[in-house]
Each structure stands twice: as C-alpha cells, then as structure tokens.
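Down below is the structure, laid out as structure tokens.
For the single chain, residues carry numbers from 1 onward in sequence order.
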Amino acid sequence: MRFDSETHTYWLGNVRLPSVTEIIAPLCDYGGIPHSILERKRLLGTEFHRAIEYWFTGELDIESIDPAIEKPFEAFRRWAAHNAYEGVEAERVVYSKDLLFAGTPDIICGDNLFDIKLRVYKPETDILQLVGYEMLINRGRLNKFIVSFDNHGGYKQRRAEHPQARGVYLKLVDYHYGRVSKEEITEIITNWGRAVKK
C-alpha cells in the first residue's frame, strides 16, 4: 500500500484505490459554491489537519500556522487536553484489500475515532465517513465522533453513529465499482437522508 501525499491518492500496487471520501461523493453537491471559495476552504482544511498531525508528533512550528486557523487550532488544543489519551494515532493510512478503498482517519485513540472538521457537522456525510474509517481500522465497533471547529475558537463534539450507516456505506462502495445502478443508489441516498434527520 502506498499513499501519495502530493495527489492525496492511495495505491495498491498499480491499482488506485478510492478514498473514504470519494466513496461518499454522490452525497456531496458543491455546484453552487465558487471554485475559489472551495479551494480556499480545502487549503485551510489541509493546513489545519497538518498542524494537528505535527502537533501530535511534536514537529509543529507554531509560527508557521496560517493566521486564518490560529483560533480553531487554539480550540483544538483545548479539546485535545480533554480528549487525547495515550496511544493516539493521528493521520494513519488504512486500507482494505477486500473492500478496495483506503483512507486516513484523523485521530484514533483506543476505542474512539475522531474526525476533525473546520466546518459545521453534516450528518448525511460525516456519519458515513466515520463508518468507512471504522471498517478499514478493523478493530470492531468504535465510538465515533465529529469535532467541528469554527473560526472564532469554538468547537462542538457530536457522536456520529447510525445503525444503517454500514449498509449504506457498503452500497456506496458497490456503486463506485459499478455493482449498483444510479437509480438504486439515488433511492438509498434519499432514504438515508430521511433516516439521519429523524
């Protein structure tokens, strides 16, 4: 297994594996948002996650942090003081030869899996993203949480679980590989959206 950090792609030999987030792409619609805004948000999210990874490894140069993420990063440090236990694994690449997808969970800590967001919680996609990581980590059931940080230095932690999530995610994997029709996946996504809003 090889992870290309420049292109953020995963390779098993010469086969490119889709990422956890690529699998849930049919649920994401950014059509109404200008490309420049999306790109800036993507770059800030990458910078935020890199700062967290380097903070855990002790390699972070605090002066190098983009001013736009200083307050969210301060909030992350407050959050970590209460939630980061021994044995933390940050940004560890995981994959499955059987399911043929890969990913990089933000934080694995014992039986807890945390996904860090520089945006508000979106249950339709966030719950699925975490269950995808859980399948790749392959330690059985994990406690799954989304931690959303805002630009003002606040954060919210939410449990991100649903009993239908695993089945929906596996259907999305099948759709990615052409084993499920567009009509079937559209119905599954519609039903999933209703289920998480209950």
Note to self: Tell me whether Arg119 contacts the main-chain N or O of Gly45 through its side chain, where contact means a donor paired with an acceptor under 3.5 Å.
What the structure shows: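 Flag not set: sc Arg119 to bb Gly45 has no pair under 3.5 Å.
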Checklist line | Whether Lys144 side chain and Leu142 backbone form a donor-acceptor pair below 3.5 Å | finding: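 Between the backbone of Leu142 and the side chain of Lys144 there is a qualifying donor-acceptor contact (under 3.5 Å).
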Next item on the list: Quick one: do Phe145 and Trp79 satisfy ring pair (Phe, Tyr, Trp, His ring centres under 6.0 Å)? Show the steps, please.
Entry: CA-CA 13 Å; Phe145 302 95; Trp79 172 84; 9.0 Å; no
[X]: salt bridge (Lys or Arg N to Asp or Glu O under 4.0 Å) partners, not counting sequence neighbours:
X	value
Glu53	none
Arg50	none
Glu39	Arg42
Arg159	Glu161

Nearest 0.5 Å, what's the [atom1]-[atom2] distance between [X] and [Y]?
X	Y	atom1	atom2	answer
Glu187	Lys171	CD	NZ	10.5 Å
His49	Phe76	NE2	CZ	9.5 Å
Met1	Leu17	CE	CG	5.5 Å
Ile52	Leu60	CD1	CG	10.0 Å
Arg141	Asp111	CZ	CG	10.0 Å
Thr21	Leu128	OG1	CG	12.0 Å

Cluster question for you: counting only ILVMFWY and a side-chain heavy-atom cut-off of under 4.5 Å, with indirect links fine, are [X] and [Y] together?
X	Y	value
Phe114	Val93	no
Leu27	Ile185	yes
Ile62	Leu118	yes
Leu113	Val147	no
Leu44	Tyr121	no

Show the nearest heavy-atom pair for residues [X] and [Y], with the distance to one decimal.
X	Y	result
Val131	Ala165	CG1-O, 3.8 Å
Gly193	Val196	O-CG2, 3.5 Å
Gly103	Val20	CA-CG2, 4.1 Å
Leu130	Ala160	CD1-CB, 3.5 Å
Cys28	Thr125	SG-CG2, 3.9 Å
Ile146	Ser148	CG2-OG, 3.7 Å

Run the side chain to side chain donor-acceptor pair (under 3.5 Å) test against [X] and tell me which residues pass, sequence neighbours left out.
X	result
Tyr95	none
Arg92	Glu89
Asn191	Arg194
Thr57	Glu59

Any side-chain heavy-atom pair from [X] and [Y] closer than 4.5 angstrom?
X	Y	value
Asp106	Glu91	yes
Arg139	Ile108	yes
Lys122	Lys117	no
Glu124	Val168	no
His82	Gln157	no
Val180	Leu172	no

Item checked: ring pair (Phe, Tyr, Trp, His ring centres under 6.0 Å): pairs with one or both residues in residues 165-198, sequence neighbours excluded ->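 The answer is Phe101-Tyr169, His162-Trp192.
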Next item on the list: Mind jotting down which residue pairs meet the ring pair (Phe, Tyr, Trp, His ring centres under 6.0 Å) criterion with at least one end in residues 4-25? Sequence neighbours excluded, please.
Entry: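 Applying ring pair (Phe, Tyr, Trp, His ring centres under 6.0 Å) to every pair that reaches into residues 4-25, excluding sequence neighbours, yields Phe3-His8, Phe3-Tyr10, His8-Tyr10.
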What pairs of donor and acceptor atoms, side-chain ones from residues 65-75 against any protein atom, are under 3.5 angstrom apart with sequence neighbours left out?
unit_1	atom_1	unit_2	atom_2	d
Asp66	OD1	Ala68	N	2.8

Margin query: Tell me which one of Asn138, Leu136, Leu12 satisfies side chain to side chain contact (heavy atoms under 4.5 Å, CB included) with Ser96.
Written below: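 Among Asn138, Leu136, Leu12, the one that satisfies the side chain to side chain contact (heavy atoms under 4.5 Å, CB included) with Ser96 is Leu136.
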Item checked: Partners meeting side-chain contact (heavy atoms from CB on, under 4.5 Å) with Thr7 (sequence neighbours left out) ->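 side-chain contact (heavy atoms from CB on, under 4.5 Å) list for Thr7, sorted by chain: Asp4, Thr9.
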Check: After noting the C-alpha distance and the side-chain angles of Val173 and Arg179, does the key distance pass the side-chain contact (heavy atoms from CB on, under 4.5 Å) rule?
Finding: CA-CA 9 Å; Val173 172; Arg179 299 185 293 254; 4.0 Å; yes
Next item on the list: Determine whether more than 12 heavy atoms belonging to other residues, nucleotides or ligands lie under 6.0 Å from atom CZ of Arg2.
Entry: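 Enclosed.
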